[in-house]
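Below: one structure, written as structure tokens.
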Amino acid sequence: MSRPRQEVLEEEWLIVRHSGEIPEIALHSALYYLTDDPDGPRLQLSGEERESLQEAAATRYHEIIMRDLCFENRELSIYRGVRRAICNWHRFVAFCKRQDRTDYTSTEPDKARRSLHGQILRHRSATTEALLHLVQKSRQSNGKTSTDAGRSLSIYGADDTGPSLACSFNCTFHEFTLFARELGITEEQLPPDIHLFCREQI
């Protein structure tokens, strides 16, 4: 006896929502299983059902971006730093743009495009706030930005009391600058010595 439709959909939604580092792969796997897999339920998904799975993937992207911009996560094994956040932000934006070109909701494609565009705008605002908060908390925690080339590759600062700036800002200054610009962060919103935060200052 086949399982109820809602139960199958909820199970796949949970898999996408709590997927790994590339939620888009989990989304496509779920869509294939639900619709085309010979061993799957072979459902005809409605626009709303597909959008729900898309939103689960977008939410997971946002979660892993926030994970690596969270100051309090620096000492956790799951933490990957600003460089990974930048990578996942670009993956997220590309994901939304690809979904826009895919007619998953043929009855209301304009609504789907607005929804995905709205996802980018909402997550950009939250990501901007998180990055600025990380800069502020890191500056307060370190007191001074002693991240010279000899120390920048170490996970610990000069006093070995906790993760250094280089642990969080494990990207080049150029990468950081481009990321901040993408988020709409102005030069005036950042400390003048922000280049010293980064692992590589050029």
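Fair warning: this is a prediction, and the values are worked out from it, not measured in the lab.
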Go through the structure and list residues passing ring pair (Phe, Tyr, Trp, His ring centres under 6.0 Å) with H123, not counting sequence neighbours. H62, F92

What's the shortest heavy-atom distance between C171 and F176, and which atoms? SG-CB, 3.9 Å

Tell me whether the guanidinium CZ or amine NZ of R91 lies under 6.0 angstrom from the six-membered ring centre of F95 and within 45° of its axis. no

Donor-acceptor pair, R60 side chain versus P23 backbone, under 3.5 Å? no

Can you establish whether the number of heavy atoms outside Q44 located under 6.0 Å from its atom CD is more than 12? no

Shared hydrophobic cluster for I185 and F197 (ILVMFWY, side-chain gaps under 4.5 Å): yes

With heavy-atom distances below 4.5 Å as the criterion, would you say the side chains of L183 and W89 are in contact? yes

Report yes if some heavy atom in the side chain of Q189 is under 4.5 Å from a heavy atom in the side chain of V135; otherwise report no. no

Sequence neighbours excluded, which residues qualify as side chain to side chain donor-acceptor pair (under 3.5 Å) partners of Q136? none

Any non-hydrogen side-chain atom of L132 less than 4.5 Å from a side-chain atom of L190? yes

Check the pair E12, I15 against side-chain contact (heavy atoms from CB on, under 4.5 Å), reporting the backbone distance first and the verdict last. CA-CA 5 Å; E12 292 305 307; I15 291 172; 3.7 Å; yes

Is there a continuous path of hydrophobic side-chain contacts, each under 4.5 Å between heavy atoms, that joins F169 to F71? yes

Inter-residue atom distance L14.CG - S19.OG, 0.5 Å rounding: 11.0 Å

In this structure, CD1 of I64 is separated from CG of N88 (nearest 0.5 Å) by 3.5 Å

Say whether, by atom type as modelled, one donor and one acceptor occur between the side chain of T59 and the main chain of E55 under 3.5 angstrom. yes

Tell me whether N170 contacts the main-chain N or O of R80 through its side chain, where contact means a donor paired with an acceptor under 3.5 Å. yes

When you measure from the side chain of E7 to the backbone of P4, do you find a donor-acceptor pair of N or O atoms at a distance under 3.5 Å? no

Using salt bridge (charged side-chain N to carboxylate O under 4.0 Å, His left out) as the criterion, list what pairs up with R17, not counting sequence neighbours. E63

pair S168-Y79: side-chain heavy atoms closer than 4.5 Å: yes

Do L27 and R50 have side chains that approach each other closer than 4.5 Å (heavy atoms only, starting at C-beta)? no

CZ on R83 to CG on D68, rounded to 0.5 Å: 12.5 Å

Only counting residues at least two apart or in another chain, list the ones meeting side chain to side chain donor-acceptor pair (under 3.5 Å) with Q6. E10

Using side-chain heavy atoms (C-beta onward) and a distance below 4.5 Å, is R74 in contact with K137? no

Inter-residue atom distance H133.NE2 - C70.SG, 0.5 Å rounding: 7.0 Å

Atom CG of L134 and atom CE of M66: how far apart are they, to the nearest 0.5 Å? 10.5 Å

With a 4.5 Å cut-off on side-chain heavy atoms, are L178 and I86 touching? no

For the pair S141 (side chain) and S138 (backbone), establish whether a donor and an acceptor sit closer than 3.5 Å, ignoring hydrogens and angles. no

Should V82 and L69 count as side-chain neighbours, where that means a heavy-atom distance under 4.5 Å? yes

Rounded to the nearest 0.5 Å, what separation is found between the CD atom of E48 and the CG atom of L9? 12.0 Å

Please list all pairs passing the salt bridge (Lys or Arg N to Asp or Glu O under 4.0 Å) test where one or both residues lie in residues 19-28, with sequence neighbours left out. E21-R67, E21-R84, E24-R98

Could you list the donor-acceptor pairs under 3.5 angstrom formed by side chains in residues 31-43, with sequence neighbours left out?
unit_1 : atom_1 : unit_2 : atom_2 : d
T35    : OG1    : L31    : O      : 2.5
D37    : OD1    : D39    : N      : 2.9
R42    : NE     : T35    : O      : 3.3

